[in-house]
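To start, the structure itself, in structure tokens.
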Number of protein chains: 2
Amino acid sequence: MEFSIDTKSGVPFYRQVIEQVKFAIARGVLTTGDRLPTVRQLAVDLSINPNTVIRAYRELEIEGILETQQGSGTFVGNHRPEIDELEKQRMLDQILTDLLARATAYGLSLDDVLAQLKQRKEASR
Amino acid sequence: MEFSIDTKSGVPFYRQVIEQVKFAIARGVLTTGDRLPTVRQLAVDLSINPNTVIRAYRELEIEGILETQQGSGTFVGNHRPEIDELEKQRMLDQILTDLLARATAYGLSLDDVLAQLKQRKEASR
DNA sequence: GCTATTGTACTAGTCTACTAGTACAACAAC
DNA sequence: GTTGTTGTACTAGTAGACTAGTACAATAGC
């Protein structure tokens, strides 16, 4: 997993990191259980401050996408031991509700979303 | 045409004005040739600075939605506010990436998402 | 326990978006 | 041309977002 920062784009560094992590997960490059670069390592690689990396990781953690464990690192996924099927279902429901809310706010329909999603499925083969 | 500003929303004043003008046009409350409140009048009404109103009007003028004529006022042009298709596509892409990242983190696959989404579509009939 | 590695808190500097104050310029109406 | 109306330019203050420096705390592995 290669990260990069465009210092001239005007997009905040931490936001660029966030987008790249999400993108990698969405495309399957990163998946549940994978370990991300350490805060320090990534900071050095990108020539930015560790706190900036932290900020990105933390925001992703709040969204439930990452999990951090001091001493061992930052990982993809939500490892709460007992996520039963019911809760999983509820979470999916929640995620979809959020999705549709955002989509409709931009004038996008459920069909638009479905079509695009199918296209991604094809592309991922 | 009534304007209002929510000073506590955190949304910039000029942006609130922009949205309200666009909304009014979309609803037909304002239409081609209509005259908007003068910069000064609106500034007084909303207890904001004339320059803030200017900023809103100008941005709308750049989009081709308004036309200003010094000495006589600001008017609604005949250029409907249009939805940028490219922007829309980009937004959808962004939303889907977010969605899949979150879903993956909870151990949900693209297929899970697709299935559930189809179900929603059925249900919405 | 010791050490190395991990993430974290606190603080401060910098830059930009936003807003406002004040003075100016163009046009319409007479 | 004079007057009153309209929009405008220029400047500056303020607040918040962003980033970095430095020192600290928790954990893993031995």
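In what follows, every chain begins at residue 1, and chains take the letters A, B, ... in the order their sequences are listed.
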Collect all protein-nucleotide pairs involving nucleotides 11-13 of chain D in which both atoms are nitrogen or oxygen and the distance is under 3.5 Å.
none

Could I get a table of every N or O pair under 3.5 Å where one atom is in the protein and the other is in nucleotides 14-16 of chain C?
none

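Taking 4.0 angstrom as the limit, A/N49 places none of its side-chain polar atoms (N or O) nearer than this to OP1 or OP2 of D/dT19. Put simply, A/S72 has no side-chain N or O that comes within less than 4.0 Å of OP1 or OP2 on C/dT5. Distances shown here put a side-chain N or O of B/T68 below 4.0 Å from the OP1 or OP2 atom of D/dT8.
Following rounding to the nearest Å, B/R40 (CZ) and D/dT6 (P) show an atom-to-atom distance of 8 Å. The nearest whole Å value for the distance from the CD1 atom in A/I18 to the P atom in D/dT19 is 10 Å. Distance, B/E67 CD to D/dT6 P: 19 Å, rounded to whole Å. The CG atom of A/L42 sits 18 Å away from the P atom of C/dT5 (whole-angstrom rounding). Distance CD (B/Q70) to P (C/dC24): 15 Å, rounded to an integer number of Å. Rounded to whole angstrom, the span from the CD1 atom of B/I48 across to the C1' atom of C/dG21 amounts to 14 Å. At whole-Å resolution of the value, CD1 in A/I54 and P in D/dC18 are 17 Å apart. Whole-Å rounding puts the A/R55 CZ to C/dC10 P distance at 16 Å.
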Worksheet entry | Worked check of side-chain hydrogen bond (donor to acceptor under 3.5 Å, both in side chains) between A/S109 and A/D112 | CA-CA 5 Å; A/S109 70; A/D112 290 335; 3.3 Å; yes
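Nucleic acid contact for B/R15: none, since no nucleic acid atom lies under 4.0 Å from a heavy atom of the residue. Contact annotation for A/Y14: backbone-only contact, meaning every heavy-atom pair under 4.0 Å involves sugar-phosphate atoms and none involves a base. Looking at heavy-atom distances under 4.0 Å, A/R58 makes contact with sugar-phosphate atoms alone, never a base. Within 4.0 Å (heavy atoms only), A/F13 reaches sugar-phosphate atoms of the nucleic acid but no base atom.
Side-chain atoms of A/E2 and A/Q20 include no donor-acceptor pair closer than 3.5 Å. Side-chain contact, A/D98 with A/Q94: a donor N or O sits under 3.5 Å from an acceptor N or O.
We find that A/D93 and B/R120 are joined by a salt bridge, their nearest charged nitrogen and carboxylate oxygen being less than 4.0 Å apart. At a threshold of 4.0 Å, the pair A/E61-A/R58 does not count as salt-bridged, since none of the basic side-chain nitrogens sits closer than that to a carboxylate oxygen. Salt bridge status for A/D45 with A/R40: absent, with no side-chain N to carboxylate O gap under 4.0 Å.
Residues A/V11 and B/M91 do not share a hydrophobic cluster, defined by chaining ILVMFWY side chains whose heavy atoms lie under 4.5 Å apart.
With hydrogens and angles disregarded, no donor-acceptor distance shorter than 3.5 Å links the side chain of A/E63 to the backbone of B/R102. Looking at A/E67, its side chain never comes within 3.5 Å of a backbone N or O of A/T74 through a donor-acceptor pair.
Within 6.0 Å of the CZ atom in A/F23, the count of heavy atoms belonging to other residues, nucleotides or ligands does not exceed 12.
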